[in-house]
Every structure is written in structure tokens, then in C-alpha cells.
Amino acid sequence: ASKSSDVLDTEQLSWLRDNLIASWKDPRAKGRVLYFHHPPYVTEKTKWFQAQTLAVRFHLRQMLNEVEAEVGQMAQQASRSLVDLVLSGHAHCFEYLRTEDTGHGDRNIPWVVCGGSGFSLRRQRKEGPVLEEYGQPVAKCHLFLGRSGHGSKKYRPYSALRVDVSYKDSETPAFVLRPLVAERYQGDWRNYEAGPISLSSGPEELSQLQPNIERERQQLRDEESQDD
């Protein structure tokens, strides 16, 4: 929408729709990665139910429904989602989410929120990692890096993201995400990698992403105790 009015700017949505459809019909296009400022899916406590978040989700979903109507059969035959990866910022955290079967063109897509290098990291919402609509799950956050803990035991994991792309065959790109973390804890800085995350990871691998962070933190605390 325009900053000066509440009128929706459909030109960008139409451009994105038309180019996504064209990319599926062009054999030279190997994959599709979208970039946004506002995340359509996010569990950061100040952004998850923000009007901008819900508006972006609604209009992006409607646009992807139109793409699916045109090329959904091609995507289904290739066993791929309409989009390989969506990257966004805005929320002061890092998140890796996946949509469930939403019943729309945004189903089964990996979503990354990479805003964890900004001032004042935020916490995850108290409602937890699963986003619902009308009581039904539509997305789940599998890794959240934001402010946690309290007082002297507060963690501030500032983050960036490296994305590696390779080709398993001549047609299909394989994406691996490598979140890079510089974490401040009790006045000290610790650097580590939260991942890697393959976009082809199954439920069991995804379920270990958040616990791996806690194990990394415990290992760093143990090493620091030994040094003392």
C-alpha cells in the first residue's frame, strides 16, 4: 500500500504474478526466491499479529493463488512449491518457518525472517511457534533466534544469513541456509553457526534445530567454566 494513502498498489503484485508464471514456463529459470521487507509469516512478539503482516500475507496469498491456477500442475509434477524460498526482514530476530497445507498457493514454502542484526532484538511470542488461522495451523517456526532469558542470564543472538546454492541435477537447485550468530551473554561475545538448514530437511531434522542452539550455548558455558 502507498505511504500516502490506504489504496493498495496492485502494480507490484501484478508484476510479481506475471513474472512468476513466466518463470515456470521458461526452462532457463531453475528456481524462484522472493525478497520482501515485511514478513508474511513471523512469530516475533511485536510483529506476528501486526496489521501489516496480515495484509502482506493476504495479498501475497491471493497473488500466489492466481499463479497456482496457471502453473500449479507444473509445480505439482515437479514436486516443488511455487516458490523455493522467501526472505524478509523487519522483525528484529532470525526465524526459519515453513507453511503447512494452507489450502492456498503459499502452502509448503520455506520462509526466512532475517532481521536479527538490528538494534534491540525481540522475543518470540508467548503463544509459541505454531501460527494458526481459525484454529488450524498454517505455519510453524522451526528456529527462532531473538532475545531470551532475563537479568544477567539474558541472551542476545545477533545474526546474519549465508545461503549456499548447488545443483543436484541440471534442473533443481538445492538450498542450504547457514545462520551466522554473534551472541552476547554476560558481557561476552560468542560466535557460532546455527545450522546448516537444508530446505529439503524432514520433520525429524527440523525438530532438532532449536534444541541444537541450546546445546551450543551449554557447550560454550562449559568451555568458559573450564577456562576459569
Side-chain angles (χ1 to χ4, degrees), residues 39-50 53 84-100 108-132 136-165 174-228:
Y41 292 94
V42 60
T43 64
E44 190 253 87
K45 64 178 291 187
T46 68
K47 303 294 190 297
W48 75 277
F49 206 61
Q50 199 175 61
T53 301
D84 294 292
L85 176 64
V86 180
L87 301 170
S88 59
H90 188 57
H92 291 196
C93 62
F94 177 90
E95 294 197 51
Y96 176 69
L97 310 96
R98 282 191 184 177
T99 37
E100 309 287 343
N108 303 323
I109 291 177
W111 310 75
V112 170
V113 181
C114 190
S117 57
F119 177 73
S120 185
L121 295 178
R122 304 295 187 184
R123 299 179 184 273
Q124 190 172 41
R125 66 185 199 142
K126 64 181 180 180
E127 292 84 356
V130 178
L131 295 170
E132 296 184 344
Q136 298 298 317
V138 292
K140 182 177 181 179
C141 175
H142 297 280
L143 177 61
F144 183 92
L145 296 169
R147 189 191 311 176
S148 64
H150 298 278
S152 63
K153 296 184 178 181
K154 185 181 295 181
Y155 291 92
R156 293 184 176 90
Y158 295 91
S159 56
L161 178 66
R162 169 180 162 181
V163 181
D164 294 335
V165 184
F175 294 85
V176 176
L177 311 180
R178 300 182 185 277
L180 307 175
V181 183
E183 185 167 74
R184 186 170 175 81
Y185 177 72
Q186 295 186 334
D188 294 325
W189 289 94
R190 303 165 174 83
N191 299 325
Y192 60 88
E193 181 179 309
I197 306 170
S198 170
L199 298 194
S200 61
S201 296
E204 186 173 346
E205 293 171 289
L206 292 175
S207 69
Q208 293 302 308
L209 291 177
Q210 199 70 49
N212 284 344
I213 297 299
E214 302 309 319
R215 284 192 287 270
E216 182 73 33
R217 287 172 173 169
Q218 185 59 54
Q219 181 179 349
L220 291 169
R221 288 196 297 267
D222 293 343
E223 291 173 356
E224 191 172 73
S225 298
Q226 292 174 2
D227 293 339
D228 294 340

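Both backbone and side-chain heavy atoms feed into the values below; hydrogens, waters and symmetry mates do not.
Y155 is linked by a ring-ring contact (aromatic ring centres under 6.0 Å, His included) to Y185, counting only residues two or more places apart in sequence or in another chain. Residues forming a side chain to side chain contact (heavy atoms under 4.5 Å, CB included) with E204 (at least two apart in sequence, or on another chain): none. With sequence neighbours left out, S207 forms a side chain to side chain contact (heavy atoms under 4.5 Å, CB included) with no residue at all. Residues satisfying the side chain to side chain contact (heavy atoms under 4.5 Å, CB included) test with A139, not counting sequence neighbours, are Y41, T99, L131.
Residues Q124 and W48 fail the side-chain proximity criterion, which asks for heavy atoms closer than 4.5 Å. You'll find the side chain of L87 reaches within 4.5 Å of the side chain of L161, heavy atoms only. Put simply, the side chain of V42 does not reach to within 4.5 Å of the side chain of W111, judged on heavy atoms. A 4.5 Å side-chain heavy-atom check between V181 and E216 finds every atom pair outside the cut-off. Counting heavy atoms from C-beta outward, L85 and L177 have side chains that approach closer than 4.5 Å.
The minimum heavy-atom distance between Y96 and S198, with the atom names listed, is OH-O, 4.5 Å. Contact between S201 and R98 at its shortest, heavy atoms only, is O-NH1, 2.9 Å. The shortest heavy-atom contact between T43 and P129 is CG2-O, 3.8 Å. Across all non-hydrogen atoms, the minimal contact from A182 to W189 is O-CZ3, 3.5 Å. Closest non-hydrogen pair, R178 versus P196, comes out as NH1-CB, 3.5 Å. Residues K47 and T53 approach most closely at O-OG1, 2.7 Å, considering heavy atoms.
The salt bridge (Lys or Arg N to Asp or Glu O under 4.0 Å) analysis of residues 116-127, with sequence neighbours excluded, yields no pairs. The list of salt bridge (Lys or Arg N to Asp or Glu O under 4.0 Å) pairs with a residue in residues 143-163, not counting sequence neighbours, reads R162-D164.
Put simply, CD1 on I213 and OH on Y192 are 4.5 Å apart, with the number rounded to the nearest 0.5 Å. For the atom pair CD (E205) and NE2 (H142), the distance works out to 11.5 Å, reported to the nearest 0.5 Å. Between I109 atom CD1 and L97 atom CG the span is 12.0 Å, to the nearest 0.5 Å. The distance from atom CG of L145 to atom CD of E95, rounded to the nearest 0.5 Å, is 9.0 Å.
For S159 (side chain) and P179 (main-chain N/O), no donor-acceptor pair under 3.5 Å exists by modelled atom type. Checking side-chain atoms of E214 against main-chain N and O of P211 turns up no donor-acceptor pair under 3.5 Å. Checking side-chain atoms of H92 against main-chain N and O of S120 turns up a donor-acceptor pair under 3.5 Å. Without hydrogens or angle criteria, S88 side chain to C114 main chain gives no donor-acceptor distance under 3.5 Å.
The side chain to side chain contact (heavy atoms under 4.5 Å, CB included) test with F94 is passed by exactly one of L121, L180, L143: L143.
In this structure, a donor-acceptor pair under 3.5 Å is present between the side chains of Q208 and R215.
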